[in-house]
Amino acid sequence: MANDIAHWRAQIFAKLLLVVFVLGLFTAIPSALLAASEGMWSIAVVDVVALAWIGAIWRWRRLAYTARVVNFLGVAIVVGIALLLKVGPVSQIYLMAVPVLAALLLGLRPALVTLVLTALIVMVLGFNDNASLHLSVLPDEGFLRAAIISLNFSFMTAVLTLSCAVLLQHLERSFDKLSDLNAELRLTSAAVARLNDMVLIAQVGQDAAQQIIFVNEAFERRTGYRRDEVIGRDLRLLRGPDTDPAVVDTIERAMARSETVRAELLNYTKSGAAYWVETELVPFADEGGVNTHWVAVERDITDRKKSQDDIHRLAFFDVLTGLPNRRLLMDRIDKLLASSERGATYSAVMFIDLDRFKTINDARGHAIGDALLCNAAARLSKLMRKADTVARIGGDEFVVLLGHLSHELPGATHAAQTVAEKIRNALGQDLDIAGQTYNSTASIGVTMLPRPGSPGQSAQDLLREADTAMYRAKSNGRNGIAFFETAMQAEVEQRLTLEHDLAAALAKGELQMHVQAQVDRHGRAVGGEMLMRWPLADGGMIPPSVFIPVAEESGLIVELGAWALRQACHAVLELQAAGLAMPLSVNVSPTQFRQVDFVEQVQQVLADTGAPAALLVLEVTEGLLIDKMDDTIARMHRLTEMGLRFSIDDFGTGYSSMAYLKKMPLYELKIDRSFIMDTPDDASSKALVQSILAMAGHLGLRVVAEGVETQAQADFLIAHDCACMQGYLYARPLPLASFITSLQSSTVVAAVV
């Protein structure tokens, strides 16, 4: 801070020199001229020399400051001495100024030196004049008079000099403190200016307005505003259309009470881009306790908010479609249940499954499948009200919540039916993806809530009910709508029980394989079909038409099929051992056939049992050829190379294409019983059977007619060269032991033959 004082003194001295020089021009020159005219040449010379000396000091700035000040004080002393000698005691005033100037320009010690010097000058040079003064208040003795005047001069000069010196010392110490404060302030200012957090200082104005008086660099970088663009503007300038009014109200209420407040707020940059900040507003009050300023420290939390939104989106929304996922759906169903019960209104839950989606997805790839799902999501969202919910819960399954449809159940049911029809029509429209047209209809299950007589419904219950109704719509032919009924749940539970019991029966060996004979035109047994039976402990029997579909749905069909194939091999060996070698047919489901290692499984069974492959006929349905025909036919060729033969079961009810008949290594066709039962009375069935027999004859395929129950049917088939027949007219399915006994018994054989 000493440098600051020295600089301050140098500035004062420079201005003082200029003032003295200018005043000297206007006073010293006229004084010199007047003195010369009066013959007072010594005074004139002193004035001129003093003015020239001052001018030289003023112009000679390269001279050291102290030397210039000493010269300046020397001029004052010389002028004072000259005037004291020529004019008299009145000129002592000039010498009084010298110590004061020394205190001002050099400090206390130089001032004391000049004080002593000027006092001696007055005492010595002014002694005669002071001693000769005759004043009534002074003693008559001349020496005393001179001493009193000199002492008074010295006293007053000392008072002025010491006052200036002490004042300057205190000023210097104040400057030192101020310097420390300024240094601290500069450090604080530099730190605040370079903070990564945004800092704003606003002054409280009229009408609770807060005018910005300071912003740091971080604020300028983040908002795009320059400092001069925001100074004087209101603190609210960063708010925008999506800034939460509730948060703003909280902040303003706290500010009205002059309380510190912290909040997360959406602000806007100069360009209009939104960003999130965590802001803390702190009030500053004056000595009277009046709030005068607000300091706002804001931290950019946009990335954190985005991460939170991403986490929330992943947790509650489907990534592909952007729709609510199962987790969020269940929460909204719970809320819908509560609000529907409180408001005594009926709502609906719809379970939507896209028909044929898996076929399109497998055939065209996941990209096309994803596009189809996104389109379905968009169509569903477009149909719904804002209060409704559309969710994707997995795969091609969507759920729609329709809230508060009506206070009456019939009205709500009608409204749900109307919306379901709109959904079905919208989803059934063709869709163009990458230049290809696709179509996927929808099966929709609907359940109403709250259900009368069913208190305590849960979200899981409603979803299960809608899912059950959807499967009913799908089983009814797809592209339809079904409303949940209590009986449906009973059927589902019965089906689940049946699935568990079937798995247990298979594990315990309770299932049986019966054989139904296949006869030629003469009634002789030429083969047989292995048919699965499930006997119960009470003597009853669960028909295959009931448990086989359950096995196919649950996946048990693969295990059942492997067991049936092994049983067929054992049956072939037992027939051989009884001297009744004949081919046996065994059904193979599409699911079983498509197992990657199916060929190896068959090889293993043949190797384990030692059964001849030539006596085994694998019955497959036409549905097997719908998917991956080339792979299927290639696998069939590998099996025929092992000696196995193939039969198309239920021919005429499925794919029925001449193209695959020519490609497949077939042994026989089995005409479905639905065509035989109306033959020969129904002309259409009769013509169809005749066509199948003729086509098979041209292709060299053996034909087995199933479901022959009347002699008229048998006569018609024999008349049209049907090689083999199977049905109750000739034999019912029998356990293998009974089947062998019937063939060995001449009486039974005669009846059969």
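- Considering CD of Glu465 and CG of Leu449, their distance stands at 9.0 Å, rounded to 0.5 Å.
- Residues Asp467 and Arg464 are not paired through a salt bridge, judged by the lack of any N-O separation under 4.0 Å between the basic side chain and the carboxylate.
- The environment of CZ in Arg356 is sparse: at most 12 heavy-atom neighbours from other residues, nucleotides or ligands sit within 6.0 Å.
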- request: Give the intermediate values and the outcome of side-chain contact (heavy atoms from CB on, under 4.5 Å) for residues Glu668 and Cys724.
  value: CA-CA 10 Å; Glu668 71 179 18; Cys724 188; over 6 Å; no
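- A donor-acceptor pair is defined here as one N or O able to donate and one able to accept, closer than 3.5 Å; no such pair exists between the side chain of Arg424 and the backbone of Leu427.
- A side-chain N or O of Asn375 and one of Arg379 form a donor-acceptor pair less than 3.5 Å apart.
- Looking at Asp597, its side chain never comes within 3.5 Å of a backbone N or O of Gln601 through a donor-acceptor pair.
- Counting only heavy atoms from C-beta outward, the side chains of Leu329 and Leu323 never approach each other to under 4.5 Å.
- Only one option out of Thr389, Val419, Val446, Val349 pairs with Leu402 in a side-chain contact (heavy atoms from CB on, under 4.5 Å); it is Val419.
- Proximity of Thr447 to Asp461: side-chain heavy atoms (C-beta onward) are nowhere separated by under 4.5 Å.
- Counting heavy atoms from C-beta on, the side chains of Gln460 and Met330 come closer than 4.5 Å.
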- request: Show your working on side-chain contact (heavy atoms from CB on, under 4.5 Å) between Ile718 and Met725 and close with a plain yes or no.
  value: CA-CA 9 Å; Ile718 293 170; Met725 292 165 287; 3.7 Å; yes
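- At least one side-chain heavy atom of Leu666 sits less than 4.5 Å from a side-chain heavy atom of Met636.
- The shortest side-chain heavy-atom distance between Leu314 and Val319 falls under the 4.5 Å cut-off.
- Note that OG1 of Thr741 and CG of Leu736 are 9.0 Å apart. Values are rounded to the nearest 0.5 Å.
- A donor-acceptor distance shorter than 3.5 angstrom exists from the side chain of Asp682 to the backbone of Ser685, with no hydrogens or angles considered.
- Using a 4.0 Å cut-off between a side-chain N of Lys or Arg and a carboxylate O of Asp or Glu, Glu641 and Arg638 do not qualify as a salt bridge.
- Atom-to-atom distance recorded for Leu734:CG and His514:NE2 is 8.0 Å, nearest 0.5 angstrom.
- Note that the CG atom of Leu743 and the CE atom of Met582 stand 5.0 Å from one another [nearest 0.5 Å].
- In this structure, Thr621 and Asn587 have side chains that are not in contact, with every pair of non-hydrogen atoms separated by 4.5 Å or more.
- Asp355 and Thr441 share a side-chain donor-acceptor pair at under 3.5 Å.
- Of the possible donor and acceptor atoms, none in the side chain of Glu397 sits under 3.5 Å from a partner among the backbone N and O of Ile393.
- Here the straight-line distance linking atom OG1 of Thr468 with atom CZ of Phe351 works out to 9.5 Å at 0.5 Å rounding.
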- request: Applying side-chain contact (heavy atoms from CB on, under 4.5 Å), run through Leu354 and Leu373 and close with a yes or a no.
  value: CA-CA 9 Å; Leu354 301 183; Leu373 291 172; 3.9 Å; yes
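- With hydrogens and angles disregarded, no donor-acceptor distance shorter than 3.5 Å links the side chain of Asp501 to the backbone of Leu498.
- Applying the salt bridge (Lys or Arg N to Asp or Glu O under 4.0 Å) test to residues at least two apart or on different chains, the pairs with a partner in residues 542-566 are Arg495-Glu553, Arg566-Asp608.
- Within a 6.0 Å sphere centred on CZ of Phe547, other residues, nucleotides and ligands contribute more than 12 heavy atoms.
- A donor and an acceptor atom, one from each side chain of Gln516 and Glu529, are nowhere located under 3.5 Å apart.
- For the pair Ser745 (side chain) and Ser742 (backbone), a donor-acceptor distance under 3.5 Å is absent.
- A donor and an acceptor atom, one from each side chain of Asp430 and Asn439, are located under 3.5 Å apart.
- Asp396 has no carboxylate O lying under 4.0 Å from a charged side-chain N of Lys358, or vice versa, which leaves the two without a salt bridge.
- Taking the ring-ring contact (aromatic ring centres under 6.0 Å, His included) definition, one finds that Tyr667 meets it with nothing, sequence neighbours left out.
- Remark: Asp370 engages no residue in a side-chain hydrogen bond (donor to acceptor under 3.5 Å, both in side chains) (not counting sequence neighbours).
- Screening Glu706, Arg673, Gln518 against Gln726 for a side-chain hydrogen bond (donor to acceptor under 3.5 Å, both in side chains) leaves a single residue, Gln518.
- Using a 30° and 60° split on the angle between ring planes, Phe593 and Phe598 fall in the tilted class, from 30° to 60°.
- Proximity of Val515 to Leu531: side-chain heavy atoms (C-beta onward) are nowhere separated by under 4.5 Å.
- The residues Asp721 and Arg521 are annotated as salt-bridged, a charged nitrogen and a carboxylate oxygen being separated by less than 4.0 angstrom.
- Atom CG in Leu701 sits 5.0 Å away from atom CG in Leu669 (nearest 0.5 Å).
- Applying the 6.0 Å contact sphere to CE of Met384 captures more than 12 heavy atoms from other residues, nucleotides or ligands.
- Side chains of Leu560 and Leu502 form a contact here, defined as non-hydrogen atoms less than 4.5 Å apart.
- Side-chain atoms of Gln595 come within 3.5 Å of backbone N or O of Thr591 as a donor-acceptor pair.
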